[in-house]
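Proteins get letters first, then strands, A, B, ... in listed order; numbering begins at 1 in each.
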Amino acid sequence: MSGPPPRTAIEPTRAEDYAEWYQQVVRQADLADHAPVRGCMIIKPWGYALWENTQRALDGMFKATGHRNAYFPLFIPLSFLEKEAEHVEGFAKECAVVTHHRLVAGPEGGLVPDPEARLAEPLVVRPTSETIIGAAFAQWVQSYRDLPLLINQWANVVRWEMRTRLFLRTAEFLWQEGHTAHATEAEAREETARMLDVYRTFAEQWMAMPVVAGPKTDAERFPGAVETHAIEAMMQDRKALQAGTSHFLGQNFARASGIRFQAADGSEQYAWTTSWGVSTRLLGALVMTHGDDDGLVLPPRLAPAHVAVWPVLRDDADRARVLEAIEVLARALRATRWADRTLEVEVDLRDVRGPDKQWEWIRKGVPLRIEVGPRDLQSGTVGVARRDRPHRERLVWPLHEVAARVGEVLSDMQTQLLQKALAFRDAYTVALDDAGELEAFFTPRDAQRPEIHGGFALAHWCGGSACEQRAHAFKASIRVVPVHGIAAARAAERIEERGRCVFCGGPSPRRVLFAKAY
RNA sequence: CGGGGCGUGGCGCAGCCUGGUAGCGCGCACGGUUCGGGACCGUGAGGCCGGAGGUUCGAAUCCUCUCGCCCCGACCA
């Protein structure tokens, strides 16, 4: 056992340079490109198909929980944003603002905004829509009989971020934002929890991505919210990624927007509202949860195509027979249902060498690869390659049984990916009992070129913001006060035990989750 | 927004210090040999050297400004 390490399709590898590996996977899997505009991206068909599948799954879950889609304007009057004090403060620093409605020839050529066409009130390109949807809700809601109001919109938003990364943090991104109004606090809190649970289910069942779900600390709250809940996932560099949020907004936005209703007893009351969202950031999470040194690895339920098939053609004599066999195979696969959908098949007939096709589909993460050549027709069998197995490994199946067998394998892959990600997270989740241990856990050996280190640390915290801040010294923060999803970790049983704050020694009712975060 | 790095054919890079109008590998096109495999040989296409000013007889190379990307930090629903 010696010699050079096997060549990988992605260079550098995760261990060599995780950040660069991520960039390379996004590009080589053909998910997205940088756009000519700073911080913006072009989502390419393979990446956009992932988003469409995400939308389809989530949209179904939103509908199933009683929500309806609507669409609100991209532009928000500046005065709307000013209505909720904390909200303004949270978003003012990163707003794109529209001030003119016409261009004219400039003094030195080109076009400039026409000074005569300045808007009376500047419009903000929505960073989120609480305020403008709140204004609509105020009109829609009169009586308790109008509640609950359960609305979702699929939209783009703009946040002028200082530092951007494809999918993870872009200036413009795609998302869904749910906005609901309720007659009682309890109902709104229930909604907040319900939608967080929808996100958790989606992450686990569709993305095969284990998440920890629970409330954020005050410091990490959405501007204007009473309480923010989130799902957090561990990426392969062991950092936490916030993958979805659900906010209990109390009556803050109802007061700001005047969402009032007459209750059954005749009294006038402010509604209780919530908002919740996930974005194209999920695709970044997908890359960093399952990707390997050969590129993307897609969970079958979200994959734009479940199977890639291509012919091995040696001479013209075989050609017609092989292509015919592929045609038959593809037809059978496309008639097969799996996970509530018919299978998507990419038949790759491009005039490209077999190995090149193979590696392209590996990089793109397609779950199953099948090559069909003359020899297969002779034997009546084909080799089926799983993306989650070494690239030379093959399942050998009778050709006519492929369609009948793929479902089982796809289901197995879906399960295995979740199990593998869960095992990874558990392996790097620890319970720690003093500040020194915590700091050591989050400190790389090589400060110059930090290796992959750290993970999730469950530690006691008194609840004070000063102590919370102490973790910032070694770049960790409290991600979530765990409620759900960490049950499998060896350290899990220690979450609910009482203890002493690792920083000040004050009493702590339970452990919280510390991690470095995206 | 502060510190650092980088922008040269589709991708990865060399050339820049010591100015003289562009080179390598991969990819691409064509021909041939191979052929269940990340092949090989030959021929060829493709670059206003991120952009704008400036210095100079002459700028990818020097100076100024600007745009973008990456890393670290601050910030981040």
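- In this structure, D30(A) places its CG atom 16 Å from P of rG10(B), rounding to the nearest Å.
- Side-chain atoms of S129(A) and Q153(A) form a donor-acceptor pair, as typed in the model, at a separation below 3.5 Å.
- H34(A) has a side-chain polar atom (N or O) that falls below the 4.0 Å cut-off from OP1 or OP2 of rC70(B).
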Legend entry - Contact state string [nucleotides 35-41 of chain B, B base, S sugar-phosphate only, - no protein heavy atom under 4.0 Å]: -BBBB--
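- Between E161(A) atom CD and rG68(B) atom P there is a gap of 15 Å when expressed in whole angstrom units.
- Nucleotide rG31(B): paired with rC41(B) (Watson-Crick or G-U wobble, both distances less than 3.5 Å).
- The CD1-C1' distance, from I10(A) to rC11(B), rounds to 12 Å in whole Å.
- The shortest side-chain heavy-atom distance between F456(A) and R479(A) does not fall under the 4.5 Å cut-off.
- Side-chain contact between L438(A) and F503(A) is present, with heavy atoms from C-beta onward closer than 4.5 Å.
- At rG10(B), none of the side-chain N or O atoms of R27(A) fall inside 4.0 Å of OP1 or OP2 (strictly under the cut-off).
- No hydrogens or angles considered: a donor-acceptor pair under 3.5 Å links the side chains of W310(A) and E371(A).
- Contact between the side-chain N/O atoms of K475(A) and the OP1/OP2 oxygens of rG73(B) is found at a separation under 4.0 Å.
- Pair assignment for rG2(B): rC72(B), on the basis of Watson-Crick or G-U wobble contacts that are both within less than 3.5 Å.
- Within the structure, every pair that satisfies the ring pair (Phe, Tyr, Trp, His ring centres under 6.0 Å) test and touches residues 224-252 of chain A, not counting sequence neighbours, is listed here: F222(A)-H247(A).
- At whole-Å resolution of the value, CZ in R38(A) and P in rU66(B) are 15 Å apart.
- Put simply, CZ on F167(A) is 20 Å from C1' on rC76(B), counting in whole angstrom units.
- Judged by distance alone, the side chains of S246(A) and T192(A) never bring a donor and an acceptor atom under 3.5 Å apart.
- Taking atom P on both rC65(B) and rG25(B), the two are 38 Å apart, rounded to the nearest angstrom.
- Distance noted for atom P between rC28(B) and rG20(B): 34 Å (whole Å).
- When heavy atoms are screened at a 4.0 angstrom cut-off, R165(A) is found touching the sugar-phosphate backbone but no base atom.
- Separating the CH2 atom of W160(A) from the C1' atom of rC76(B) is a distance of 16 Å, rounded to the nearest angstrom.
- Remark: the separation of the C1' atoms in rU43(B) and rC69(B) is 37 Å, to the nearest Å.
- Per the geometry, OH belonging to Y518(A) stands 13 Å off C1' belonging to rC71(B), to the nearest Å.
- At a threshold of 4.0 angstrom between heavy atoms, the contacts of H247(A) are confined to the sugar-phosphate backbone, with no base atom among them.
- In this model, the phosphate group of rC70(B) is approached by a side-chain N or O of Q23(A) to a distance below 4.0 Å at OP1 or OP2.
- Computed from coordinates, the Q28(A) CD to rC11(B) C1' distance equals 8 Å when rounded to whole Å.
- Within 6.0 Å of CZ on R319(A) lie no more than 12 heavy atoms contributed by other residues, nucleotides or ligands.
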